[in-house]
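Heads up: the structure comes next, in structure tokens.
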Amino acid sequence: MSDKISRRDFLKLAGVGAATTAVLTGCGPAARLVQREPYTKMPEYTYNGLSTYYATTCRECSAGCGLIARTYQGRAIKVEGNPNNPVNLGKTCARGQATLEGLYNPQRVRGPIKHSRGQSLYGSDNQNVESNMSWDDAIQVVADALSKNQPNEIAFLMGMAPDHLFDLITDLTKAINAPAPIRFGALGMFEARTTLMQAANDLLGQSGLPFFDIGNADLVFSFGANFLETWLSPVAQTRGYSSLRRRNPNQRGYFVQFEARMSQTGAKADEWIPITPGTEGLVALALGSLMVTASGASLPAAYSNVDVNSIANVSGVTLDTLKRLANMFAGSAHPLAISGGAALGQSNGLQTAEAVLTLNALVNNIGKDGGVFLSPLAPLADEYHRPASIREMDDFVAKLQSGSIKVLFVHGVNPLFELPKSIALRDAFKNVPQIVSFATFPDETAVQADYIFPDKHGLESWGYQKVAAGAGSSTLSGAQPVVSGVYTADGAVPQIFYDARATADVLLAAAQKAGGTLASALKFKDELEYIQSQLKGLLGNTDGFFSAAEINTFTAYFQQNGGWWKTSDDRVAPSASNALNKTFNATPAQFVGDGELYFVPFVEPVMAEAGANKPWLQEIPDPTTTVVWNSWVEINPDTAAQLGVDNDDVVLISSDAGSVEASVYKYPAIRPDTIAMPFGQGHTAYGQFAQGRGVNPFDLLSNATNEAGDLAFASMKVSIKKTGKKRQLSRLEGVIGVYENFGQQP
Amino acid sequence: MANDLNSPVKMNMSQDAQGKWGMVIDQDLCTGCQACVAACSMENNVPFVGEVDAGYGRNMQWIRIERFWSGSFPDIKMTSYQPVMCQQCHKAPCEPVCPVYASVHSESEDLNLQVYNRCIGTRYCANNCPYQARTFNWRDYQDARQRPELVTLQNHLNPDVTVRRRGVMEKCTFCIQRIRHTEDTAESENREIRDGEVVPACAQACPASAITFGRIDDPTTQVSQAAVTSRAGHLLEDLGTIPHVTYLAGGA
Amino acid sequence: MSAIAKALPRLRPEEMEDPKEHLMHDPMPRGDMNTMVLDSMHTATWKYWTVVTILAFIVVTCLGYAWYYLIMQGLGVSGDDRPVYWGVFLVNFVYWIGISHSGTLTSAILRVLKIESRRPFTRVAELMTAFAIVNAGLSVFMHMGRVWLAYWMIPYPNERTIWPDFHSPLMWDFMAITTYLICSSLYLFLPLIPDLAMVRDRSKGWVKTFYKILAIGFRGTEGEWKNLHLAMNIFAFAIIPVAFSVHTIVAWDFAMAIRPGWSSSVFGPYFVSGALLSGVAAVPIVLFLVRSTMKNMKYFLRPEHFDTVGKMLLIISMIWAYFYFNDYIVSWYGGDKWEKILNLFVQTGPQWWLWYLMLFCNIVVPWSILWRKKWRQTPWLMALVGILINVGMYTERYIIVPEMLTINRMPFTWHSYIPRVEIILTIGTFALFLLLYFAASRILPLIPAWEVQEGQEGHILRKIGKARIPTISEID
Amino acid sequence: MIKSFFNALNQPLGRVGVLIVFLALLSGAVWGIAQTQKTPQQPIDFPHNIHVGVLKIPCLYCHPGALRGPSPGLPTITKCWGCHQQLDITKTSPKLVPLVQAVQNNTPLQWVPVMWIPDFVHFVHRPHIAAGLNCETCHGDVSKMTVYQTPQVINMGWCLNCHRSKTEDNAQNNPTNDPAVAASLAEERIKLTDCSTCHY
């Protein structure tokens with residue numbers, strides 16, 4: 001495949017699309033409306049009625065799972081995992097499956113739009129606002145923004161995925177000496193990537209994302225880590241979990257979860273230990289201390305300040321339990337401790353991460369199978385560029401607020417939704433004269449932008465993605481368009497319905513228009529040429545899944561196989577020599593506010609931050625509560641009885657930062673002093689399926705951070721008030737059958 | 001109360017190679033992540049029904065992942081996630097009650113078929129299904145004339161699966177379109193179907209590989225071997241429906 | 001009859017009832033009686049037209065439009081869900097089949113047993129059968145997801161070369177109901193013939209043509225009467241097993257399913273007794289309405305007829321209670337976990353009061369009122385009892401269908417059921433029932449005049465001493 | 001009033017009126033049914049008789065999918081243009097104007113499917129061709145048609161009759177004592193009359 005041919009040419013199709021979808025109806029005579037023959041020029045290899053499969057990469061989160069998309073007469077029908085991609089080995093999560101509903105979403109941005117801030121991008125009838133400028137004008141706008149502003153007045157805010165666009169924009173900013181693009185995502189914040197990397201750096205002396213080898217362990221202690229849900233690379237970790245349970249047919253791996261609210265991951269644990277929020281690190285220290293004491297060795301520096309009795313008191317885990325668990329951990333052949341989730345989102349999150357790493361070091365599993373590694377660095381990557389922490393985002397927002405930024409480009413992230421309200425980004429936007437959004441969907445940030453130049457959906461785009469976590473081998477996932485776009489066939493000539501353009505193409509064209517250093521630094525005809533220029537670095541590598549000496553051949557293989565990855569085990573085994581020498585103060589967590597209840601926000605595992613506009617994800621029940629289409633607040637039934645509230649009663653939850661109203665879900669597996677709320681709903685834009693549905697728990701959060709600068713999202717104390725209103729939650733489970741007394745209040 | 005009522009029963013009922021296709025679900029591995037539900041819906045053109053209908057017990061998903069609670073705080077446990085779909089009974093209670101042969105047994109594949117175009121919507125089959133595995137098209141969920149948002153969303157409908165309209169019963173088919181497709185491919189290449197060649201959408205997606213699918217009349221297949229382990233059991237086996245979905249008990 | 005004569009002297013005068021209270025002993029010339037019947041048919045006041053207009057309006061909106069809406073939107077506008085796939089439509093179906101049941105069955109049993117007080121009200125009961133079965137059929141059609149394909153249940157050679165499945169209880173049901181509809185229509189029609197002929201002879205113009213067609217040329221010759229009686233005898237005997245089988249098969253729709261609560265071997269007779277209870281209870285309501293709204297009816301429909309129905313009701317209520325507790329105790333003693341939960345759900349679940357309402361209406365009410373003759377002979381009280389028993393029987397069906405469907409063997413799916421458009425359609429069916437009655441009351445003679453006359457001819461009061469002794473000659 | 005109406009109907013003119021109304025309704029119904037059976041209008045009156053009958057182009061040249069998969073496919077303008085751009089008649093014939101225009105504007109020719117199967121029937125051409133059926137067995141002799149018309153009414157009975165008779169023929173033509181062969185013939189028969197073969 002030469003670089004002159006892009007698949008867009010022969011994927012050009014006609015007659016398909018909006019009005020006359022080929023399969024309209026089922027069993028009625030309406031099937032006469034069927035129209036066939038979408039192609040004007042049918043590719044030689046395509047037969048009617050037979051599918052064509054393309055390998056690409058899932059863009060729903062930043063894990064970089066490989067996909068195989070099945071297409072049929074120019075339409076994408078189904079995505080499945082790419083069995084060769086080391087991240088997911090042919091598997092997908094629910095979000096990946098629903099990516100088609102993003103591609104064919106009824107609310108996407110129709111084309112380049114100049115619009116006044118705050119104006120909705122779709123009308124009350126849910127019709128998308130029409131494009132009101134041409135792409136040439138759009139490119140001119142970008143070119144002007146890049147050339148007429150001072151370099152330090154230009155800012156790029158990007159999503160979490162370390163993809164080709166990030167490389168391109170990094171090159172672009174380097175060429176004009178602008179500040180490097182900032183990357184951010186709510187998931188990265190919930191995962192506390194900064195904290196994890198800082199802990200690795202502090203204890204192991206090497207920077208990188210930790211890689212927990214669940215699959216080869218025998219015993220897993222997870223301190224709040226929701227590794228089966230959205231944490232780092234859920235599909236890969238689920239595979240690890242599967243292997244933990246079934247690797248050894250004679251001995252099933254054991255799994256203990258410490259957390260205040262039973263998560264989906266906690267539900268799969270053999271033991272779920274409801275500890276006081278913020279004491280996870282302390283428990284890890286106590287376990288370590290008890291293990292050392294039991295073995296009769298002298299306490300290393302790490303455990304010098306640990307008072308086991310007081311930890312047992314404050315955490316709510318009895319000393320007996322702690323001793324039993326410590327024994328279990330010490331006696332296991334391959335024990336593994338993981339920290340994550342709400343445990344790190346505390347004021348003492350870094351201490352927790354480090355205490356857990358110390359526990360691993362104590363059983364000497366750093367760099368060993370079934371232990372802790374650092375994730376392999378992706379091909380082409382010089383280092384892992386982590387997304388910004390909240391502290392850095394705070395600084396960035398302050399910079400916007402100060403008015404020193406004249407133009408802000410936003411791509412791949414929806415910061416107005418994904419940042420706590422207490423970080424006043426919305427206000428800061430007022431001091432930015434020009435905001436350009438490259439959003440595919442009409443999200444909250446796009447609504448506040450001056451220009452929306454929609455990027456193509458992941459399934460329409462070229463690209464690659466450097467895999468940061470999950471794969472044991474160094475992996476570069478490759479993406480290619482599987483369809484040329486969404487078309488309508490209202491007239492004889494099919495019209496593109498969503499006139500999106502790859503942001504990389506827009507930036508490259510703008511760079512040429514802007515001229516000067518920019519034009520000479522980014523002399524690429526289009527996105528594909530840029531990608532090829534990057535892939536040249538891999539030519540001749542023989543330790544990969546395939547190799548090629550010539551770039552066009554390599555690109556063809558790259559697209560055909562959905563990326564390039566090494567066949568070796570590239571996990572980094574760091575040195576653990578100093579891991580036990582850091583002393584801890586064993587400080588309990590600090591909480592914000594004087595409410596009586598701990599507040600634990602968690603990511604709704606199916607929906608996550610950007611799934612709300614996909615009706616199928618809305619309708620897929622939450623794995624623990626089975627609630628669909630809305631958000632809820634989880635309260636222990638005893639607490640609910642004390643408050644005099646029942647299922648579906650609307651309560652007002654208020655913290656120091658704000659208040660929200662949500663329906664009560666009496667959740668039996670949560671501490672009575674804790675309430676929990678899912679993150680994922682509460683959109684004020686983002687299409688008809690998302691808008692006006694549920695609430696965003698971020699409205700309750702302050703900008704308090706942990707020691708590493710990640711948001712201390714679980715550090716709020718809140719109070720609850722009954723409102724007297726009732727709003728029925730839709731759930732899959734039958735309340736009559738699942739709960740006692742036929743679900744009636746006793 | 002109702003917690004332990006439908007855990008798989010072990011009755012040591014001999015398999016006797018009754019049937020052709022079978023599925024084994026390892027509840028120990030199922031993490032309840034709902035990927036199978038999404039994959040199934042995407043593959044089989046299952047519509048979404050909206051918040052109100054979904055809350056009223058009208059979800060159309062062909063798989064539902066059940067879970068119960070046992071004990072009370074702090075010693076509370078969630079019972080193992082249990083994906084329930086049509087169990088493709090060898091002796092299915094849904095079949096004889098249909099007055100028009102819409103719910104009918106496939107003699108060649110030993111599956112329960114639902115012939116959508118034959119269904120007149122008496123819903124007797126759904127009443128008589130002990131597993132409550134059937135879903136009914138209460139409305140024209142797939143009609144873009146009534147739901148304008150579908151105009152674009154319809155593009156990903158699978159042409160191999162009939163799109164159902166209102167008044168029709170439907171259920172899991174073991175992805176029979178994939179069985180047929182694979183059979184056709186094997187036939188055109190003049191060979192038998194290989195073990196693991198037919199993969200339903202749910203098994204294909206499952207990140208934990210908790211779902212195995214294949215021929216149960218051949219003792220060498222993965223699914224046959226998994227089905228004879230000591231953890232294996234069937235849902236409501238005492239009814240004698242001879243279901244073709246085997247559950248491997250969780251937590252052991 | 002001599003037994004009565006012996007018993008009479010023991011009664012004190014105030015206790016003696018006037019034999020003239022009995023219609024059979026209060027004869028009237030044939031011509032006058034025919035005029036009375038015709039008069040009641042031809043009297044249509046403004047009240048009548050107002051009620052008919054209102055009923056017609058309700059039928060058009062609540063039945064016609066609501067059903068159209070239901071068909072166009074799909075069953076989503078009803079309250080059915082998973083697991084309650086069958087809702088009020090099926091309740092209505094069983095209820096109307098039950099009502100329909102009793103009309104013909106009561107009339108047939110009374111005819112076979114030669115109970116003389118049956119004579120004036122058999123027609124009213126038989127009409128009930130015809131009209132209720134129309135509603136029962138409509139309810140089933142409303143219930144179907146794709147009613148426009150209902151003809152696929154009819155076995156006929158077709159281009160698909162596929163037949164309906166005779167294994168299905170629904171097919172048996174379809175067959176049984178069709179048979180019952182045909183038989184009961186004929187059974188209604190046979191005794192109508194002489195009355196239609198009577199109306200024909202007394203009307204003019206196109207009306208006469210109309211009745212001429214209906215009366216199929218009946219002229220009242222000896223041979224015709226003989227054949228009529230023969231045919232009626234055959235039908236009266238033949239329709240009893242048909243009626244029993246129909247409701248047993250309706251019960252099998254439920255009993256053949258593998259569901260807790262339904263799968264019961266006693267369901268057949270239990271349903272038959274329930275059908276009789278609700279149906280016979282509907283008779284005094286109709287009698288009361290006819291008697292109090294139509295002209296001349298106080299002559300034909302007397303307290304003694306309410307008394308007869310009351311006695312039957314009491315016995316049937318006891319039979320029903322026997323079957324109910326039989327079923328209940330077997331399921332309770334059996335100790336099956338699902339049956340246990342089901343019973344617990346019915347009695348303590350969110351709709352526990354339905355169970356108690358059912359027991360109150362079906363057992364407490366009839367057992368405490370119907371034992372007393374005086375109360376049995378009070379028409380309004382009998383109508384009230386009839387209404388209450390019908391409420392109770394409707395509740396019983398509601399418990400059997402949506403309540404019991406809530407509980408199945410998959411507790412995760414237990415969702416409760418709230419009827420929606422069904423309520424409107426139910427109102428529509430009741431209105432249709434009444435409307436048909438109202439229409440029939442002006443088209444057909446509601447009183448079988450010839451049967452009353454025949455009875456009166458056979459009954460004679462003889463004077464023995466001071467007492468007047470009713471005697472009866474052998475008829476047939 | 002009703003009476004006078006009936007009386008009016010009894011007059012000779014009234015009877016004629018009734019007859020006219022009846023005939024009008026009947027012919028309307030016939031016309032309506034005929035409409036549904038009409039061969040649809042195609043964008044070009046494609047002469048199958050010339051292409052197949054005279055030029056002897058094999059069916060599979062334009063409908064190659066029949067050999068490989070479910071749908072034979074209708075040719076796109078690329079295929080037409082491959083030959084027609086070399087022919088003089090393309091420029092002169094008024095009948096080919098739509099093709100020329102479509103090629104110039106890069107719009108599709110929207111052929112209307114005639115042999116129409118509802119989408120709850122999953123028909124696959126490949127096994128039928130593999131079983132040795134000729135195209136004309138089902139589609140008729142197109143070398144004698146101009147615009148394609150279906151030779152028969154397609155319904156389930158038509159499909160099933162063929163499936164039944166073929167399997168019966170196979171069993172009769174292969175009288176065998178080998179139980180394996182007999183079993184496979186029986187299996188074929190079951191398979192070919194199974195609902196799941198076409199409906200899912």
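Bear in mind that the values here come from a model prediction, so they are computed numbers and not experimental data. The chains referred to below are lettered A, B, ... by the order of the sequence lines, with proteins before strands, and numbering in each begins at 1.
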Most heavy-atom pairs under 4.5 Å with chain A, out of B/Asn59, B/Val52, B/Val49, belong to B/Val49
Whatever's closer than 4.5 Å to a heavy atom in chain B on A/Arg671 counts as both
From the list B/Arg64, B/Lys77, B/Met60, the residue making the most non-hydrogen contacts under 4.5 Å with chain A is B/Lys77
Residues A/Arg727 and B/Glu51 bridged, charged N to O under 4.0 Å: yes
Bottom line for A/Pro621: the part with an atom under 4.5 Å from chain B's heavy atoms is both
Comparing A/Asn636, A/Asp638, A/Thr238 against chain B, the one with the most heavy-atom pairs below 4.5 Å turns out to be A/Thr238
Bottom line for A/Ala76: the part with an atom under 4.5 Å from chain B's heavy atoms is backbone
- Query: Just wondering, are more than 12 heavy atoms of other shown residues or ligands nearer than 6.0 Å to CD in B/Gln225?
  - Reply: yes
Return the orientation label for the B/Phe73 and A/Trp272 ring planes: parallel under 30°, perpendicular over 60°, tilted otherwise. perpendicular
CD1 (A/Ile670) and CD1 (B/Ile76) are apart, to the nearest 0.5 Å, by 11.5 Å
Heaviest contributor of heavy-atom pairs below 4.5 Å to chain B, chosen from A/Gln264, A/Gln107, A/Arg245, A/Arg731, is A/Gln264
Side chains of A/Asn105 and B/Thr152 in contact at under 4.5 Å (non-hydrogen atoms): no
**Asked** Can you check whether B/Tyr81 reaches A/Lys268 side chain to side chain, under 4.5 Å on heavy atoms?
**Response** yes
Whatever's closer than 4.5 Å to a heavy atom in chain B on A/Asn88 counts as neither
Would you call B/Asn158 and A/Arg70 a side-chain contact if the rule is heavy atoms closer than 4.5 Å?
yes
Indicate yes or no for a side-chain donor-acceptor contact from A/Arg239 to the backbone of B/Pro207 under 3.5 Å, with no hydrogens or angles considered. no
- Item | Note, B/His156 side chain near A/Arg75 side chain (heavy atom, < 4.5 Å) | no
Quick one: are A/Pro615 and B/Leu153 in side-chain contact, heavy atoms under 4.5 Å?
yes
Closest non-hydrogen atoms of B/Pro74 and A/Pro274, given as atom of the first, atom of the second and distance, are CB-CG, 3.9 Å
If one checks every heavy atom of A/Ala269 against chain B at 4.5 Å, the contacting part turns out to be backbone
Shortest non-hydrogen pair, A/Ile620 vs B/Gln61, comes out as CA-NE2, 3.8 Å
For A/Ser730 and B/Ala54, the nearest pair of non-hydrogen atoms, with its separation, is CB-C, 4.4 Å
Checked B/Gly55, B/Ser72, B/Gly50, B/Pro47 vs chain A; the most non-hydrogen pairs under 4.5 Å come from B/Gly50
Note: vs chain A, highest number of non-hydrogen pairs under 4.5 angstrom among B/Gly167, B/Cys36, B/Cys30 is B/Cys30
Between A/Arg252 and B/Asp28, the two heavy atoms sitting closest are NE-OD2, 2.5 Å
Of all heavy-atom pairs linking A/Ala94 and B/Cys33, the shortest is CB-O, 4.2 Å
**Asked** Are any side-chain N or O atoms of A/Glu80 and backbone N or O atoms of B/Gln204, one a donor and one an acceptor, separated by less than 3.5 Å?
**Response** no
Rounded to the nearest 0.5 angstrom, the CZ-OG1 distance for B/Arg67 and A/Thr624 is 7.0 Å
Cut-off 4.5 Å, heavy atoms of chain A, and the answer for B/Pro148 is neither
Ranked by heavy-atom pairs below 4.5 Å to chain B, first place among A/Trp616, A/Tyr498, A/Tyr241 goes to A/Trp616
Honestly, the part of B/Thr31 sitting under 4.5 Å from a heavy atom of chain A is both
If one checks every heavy atom of A/Glu229 against chain B at 4.5 Å, the contacting part turns out to be neither
Checked A/Gly266, A/Gly90, A/Ala98, A/Pro83 vs chain B; the most non-hydrogen pairs under 4.5 Å come from A/Gly90
ask   = Is any side-chain heavy atom of B/Pro159 closer than 4.5 Å to a side-chain heavy atom of A/Ile77?
value = yes
Of the listed A/Gln728, A/Glu733, A/Gln97, A/Gln618, the one with the largest count of heavy-atom pairs under 4.5 Å with chain B is A/Gln97
Is the shortest heavy-atom distance from the side chain of A/Tyr667 to the side chain of B/Trp69 under 4.5 Å?
-> yes
**Asked** Does B/Phe48 reach the side chain of A/Val628, with side-chain heavy atoms less than 4.5 Å apart?
**Response** no
Exercise for the section: Using a strict cut-off of less than 4.0 Å between a Lys/Arg side-chain nitrogen and an Asp/Glu carboxylate oxygen, indicate whether B/Asp26 and A/Arg246 qualify as a salt bridge. Expected result: yes
Closest heavy-atom pair, B/Met78 versus A/Ala267, reported as atoms and distance to 0.1 Å, is SD-CB, 3.3 Å
* With distance as the sole test, does A/Lys78 use its side chain to make a donor-acceptor pair with the main-chain N or O of B/Ala201 at under 3.5 Å? -> no
